[in-house]
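Each chain gets a letter, A, B and so on, in the order its sequence line appears, and its residues count up from 1.
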There are 2 protein chains.
Amino acid sequence: MEKQTITIYDVAREANVSMATVSRVVNGNPNVKPATRKKVLEVIERLDYRPNAVARGLASKKTTTVGVIIPDVTNMFFSSLARGIDDVATMYKYNIILANSDENNQKEVSVLSTLLAKQVDGLIFMGHELTDSIRAEFSRSKTPVVLAGSIDPDEQVGSVNIDYVAAVEEATHQLLESGNKRVALATGSLTHPINGQFRLKGYKQALEKASVAYDESLIFENEPSYQAGLALFGKLQKVGATAVIAGDDELAVGILDGALDKGVKVPDDFEIITSNNTKLTEMTRPQLTSIDQPLYDIGAVAMRLLTKMMNKEEIEEKTVMLGFDILKRGSTK
Amino acid sequence: MEKQTITIYDVAREANVSMATVSRVVNGNPNVKPATRKKVLEVIERLDYRPNAVARGLASKKTTTVGVIIPDVTNMFFSSLARGIDDVATMYKYNIILANSDENNQKEVSVLSTLLAKQVDGLIFMGHELTDSIRAEFSRSKTPVVLAGSIDPDEQVGSVNIDYVAAVEEATHQLLESGNKRVALATGSLTHPINGQFRLKGYKQALEKASVAYDESLIFENEPSYQAGLALFGKLQKVGATAVIAGDDELAVGILDGALDKGVKVPDDFEIITSNNTKLTEMTRPQLTSIDQPLYDIGAVAMRLLTKMMNKEEIEEKTVMLGFDILKRGSTK
DNA sequence: CTGTTAGCGCCTTCAC
DNA sequence: GTGAAGGCGCTAACAG
């Protein structure tokens, strides 16, 4: 009645060879005479044998699974990355253990701990802040880690991203150029380096080059959600902003709808540039101009980088920066 | 230099007890004297010991991980389900191995096979068709399976869904009621039972009750994508449809934008009811009227059901049907 | 090319 | 309440 498993031992017996030989053919070891290989394969087929990956993992100390910590699969930005990660993982015969963290430090630490207990061969971390507790867990195990779609100022772990400074600088520049005097910046928490350091820096640089004074009241910290965007538009109007750079597409759609709902014309009376170029940017009317981060590729490259690290290959540069563009659509003039 | 792991054996030695005792305290077995428990816990803390889940899995034949086969994480419908699944899984100390299948039979079979090899304790399958090869894999292993957000006409495996027949019947009814003579139905492949059997049936029943003749030219098979929707609107116009029921929200948004782009007024000149009530339905202008499937809950309940099955608890009913509503928004009169 | 022999780290009877 | 011992199914030297 129990899931009667047939083991490598059964196959060995039936095929009149040793377990070692069976193991060899299963693992594609060339040191097997074609004839015996054929015989073994035949028995495997007949018995419908399937290697037990757990046992294999224990013996070989490799699980061929990697842990992926994601803030929220439900957010297109992250799910797009995740898709790239999974596809490349599959390509390299890895599986993904996916865990949502809501960027909640406690959850992150807890999930990281169980992932490590499960002996994942590597980790991909999405999330914009590497707290000390997370860093501690990382270094405590020697498991390779890659950050996808974010950046670690200390460059202690691998990371795949774009040049956030340059991207936001360029976006700000365009908005300034088209005549906006007051361009707002709406990102997530400024305690996250990607926002507080990089994006903000790009924003300030653009202002400076245009000789526009920096005004802190134009900086907004928000959740990456549609609701937050909807609520934000009013505040944006209040401070006299005529354009905004949003750090998240859902947030941007919220801002757009907030404007539309008040009868404000986009882009005529208000311009928006968003940051992630997810599918969402094409679904609105007008469509959203966006920084074009190659999301899928960021995930894919991150996973590829991780495979190299797991494979102990030589890594030229563990921080890889992909190219970006500003994709002009209807939300800007 | 190697990831020097400390094992249960080290803890046992340091604490002057046997491995068995350590195992007991780690697993919360009550048969341990408080004093020794305390001592062991202390050593565990000091040595920073973390049980190896792989070894545990081999010995106990339980991995506390479940496999989740998802067509595409990038689609809000599925990612919403996935979120519900993961949250409940976490609650019950399970982890999720997530694998994208694109509803491609070959990928499904292949991934299912590796999931089974990894000894997952259970499986959640999202996808609208249980092909024979999938069924074969399912029954070949005795691993519990639950379908989330779809339905198996044969009810061989567990499933959590809503009453698709009633939902589409109601939606069709409303559209007919508001004066539409030609209501189209745009779903995924009709070979999928959820479409070809259930949704179509609800559609036909509504027509019948309203004494409207069934016209096959009003039935459309589409990919669940924005692009497909965009392209579809033209065809909808061509067959003289004035309203549509879409089986997927991205598809619906595409149809909406297709209409808007041609200057067709929604809902005045064209009405739309979509099926999944994902976040997307709120993001458009007008917002989309939708069948309100409790996506997160479907995922959550599916996972909960699976935990019961893995736990060999008595299951009253392995097909659970959740309630639904029609959420009226701006895309209908 | 193939077989033998140890483990991998932990759980689980079965005694004591 | 605690210890000893035998696996779980497979890989990895090491012989031959």
Side-chain angles (χ1 to χ4, degrees), chain A residues 2-41 43-44 47-65 93 114 116-121 141, chain B residues 2-41 43-44 47-65 93 114 116-121 141:
Chain A
E2 260 315 297
K3 196 192 292 181
Q4 48 93 204
T5 42
I6 62 160
T7 76
I8 199 174
Y9 178 74
D10 300 314
V11 177
R13 185 166 31 68
E14 286 290 309
N16 291 315
V17 296
S18 72
M19 301 168 42
T21 300
V22 178
S23 175
R24 287 191 187 96
V25 345
V26 166
N27 292 297
N29 184 318
N31 292 100
V32 182
K33 199 195 303 176
T36 55
R37 174 188 305 282
K38 181 157 174 292
K39 182 173 57 177
V40 172
L41 251 17
V43 175
I44 286 180
L47 263 45
D48 197 20
Y49 166 72
R50 176 185 290 152
N52 179 326
V54 175
R56 205 199 294 235
L58 183 57
S60 69
K61 294 178 171 306
K62 288 206 182 71
T63 54
T64 63
T65 106
K93 313 281 189 200
T114 97
L116 255 15
K118 294 211 170 171
Q119 315 297 117
V120 294
D121 295 336
S141 82
Chain B
E2 258 317 296
K3 195 193 293 184
Q4 48 95 200
T5 42
I6 63 161
T7 74
I8 200 173
Y9 178 74
D10 300 313
V11 177
R13 185 165 32 68
E14 287 288 311
N16 292 313
V17 297
S18 71
M19 300 168 44
T21 300
V22 178
S23 176
R24 286 190 188 96
V25 346
V26 167
N27 293 297
N29 184 316
N31 291 98
V32 183
K33 200 194 303 175
T36 55
R37 176 188 303 283
K38 183 159 174 290
K39 182 173 57 177
V40 172
L41 250 17
V43 175
I44 286 181
L47 264 44
D48 197 20
Y49 166 70
R50 176 185 290 152
N52 180 324
V54 175
R56 204 198 291 237
L58 182 58
S60 69
K61 293 177 171 304
K62 289 207 182 74
T63 54
T64 63
T65 107
K93 313 280 188 199
T114 98
L116 257 14
K118 294 211 171 172
Q119 314 299 115
V120 292
D121 295 336
S141 82

Whole-Å distance separating the CG atom of B:L58 from the P atom of D:dC10:
9 Å
Would you say the side chain of A:V22 lies within less than 4.5 Å of the side chain of A:V17, judging by non-hydrogen atoms?
yes
For the side chain of B:K61 and the backbone of B:Q119, is there at least one donor-acceptor N/O pair under 3.5 Å apart?
no
Is any side-chain heavy atom of A:T65 closer than 4.5 Å to one of A:K118?
no
Sub-4.5 Å side-chain heavy-atom contact between B:V25 and B:I44
yes
Let's see if you can work this out: which of C:dC11, D:dT2, C:dC1 has an atom nearest to the side-chain heavy atoms of A:K33?
C:dC1
According to a strict under-4.0 Å criterion, is B:T21 in side-chain N/O contact with OP1 or OP2 of D:dG3?
yes
Atom-pair distance (CG on B:N16; C1' on D:dT2), nearest Å:
13 Å
Please determine if a side-chain N or O atom of B:Y9 lies less than 4.0 Å away from the OP1 or OP2 oxygen of D:dA4.
no
In whole Å, what is the span from the NZ atom of A:K39 to the P atom of C:dC1?
15 Å
Rounded to whole angstroms, how far apart are NZ on A:K62 and P on D:dG9?
22 Å
Measure the distance from CE on A:M19 to C1' on C:dG3 and round it to the nearest whole Å.
11 Å
Rounded off to whole Å, could you give me the NZ-to-C1' distance for the B:K38 and D:dG1 pair?
18 Å
Distance check: side-chain N/O of B:T36 vs OP1/OP2 of D:dT2, anything under 4.0 Å?
yes
If you compare every side-chain N and O of B:T7 against the phosphate oxygens of C:dC8 (OP1, OP2), does one of them come in below 4.0 Å?
no
Reading DNA chain D from 5' onward, which residue's closest nucleotide shows up sooner: A:A55 or B:V17?
B:V17
Answer yes or no: side-chain N or O of B:R24 and base N or O of D:dG3 forming a donor-acceptor pair under 3.5 Å.
yes
Does C:dT2 have OP1 or OP2 under 4.0 Å away from a side-chain N or O of A:N31?
no
Donor-acceptor pair present, B:R37 side chain and D:dG1 base, under 3.5 Å
no
OP1, OP2 of D:dG9 versus side-chain N and O of B:K61: anything below 4.0 Å?
yes
Drop me the distance from A:L116's CG to B:R50's CZ, to the nearest 0.5 angstrom.
4.5 Å
B:Y49 OH to C:dG9 P: how many Å, rounded?
10 Å
CD1 of B:I44 versus C1' of C:dC10: gap in Å, rounded?
13 Å
Does A:N52 have a side-chain nitrogen or oxygen under 4.0 Å from the phosphate oxygens OP1 or OP2 of D:dC8?
no
Check every atom of D:dG9, D:dC10, C:dT12 against the side chain of A:I8 and return the nucleotide holding the closest atom.
D:dC10
Does A:S23 put a side-chain nitrogen or oxygen below 4.0 Å from OP1 or OP2 of D:dT11?
yes
If every non-hydrogen atom of A:K93 is compared with every non-hydrogen atom of A:T64, which pair is closest and at what distance?
O-CB, 3.7 Å
Does B:S18 make a side-chain N or O approach to OP1 or OP2 of D:dG3 shorter than 4.0 Å?
yes
Please tell me if A:R56 has a side-chain N or O lying less than 4.0 Å from either OP1 or OP2 of D:dT11.
yes
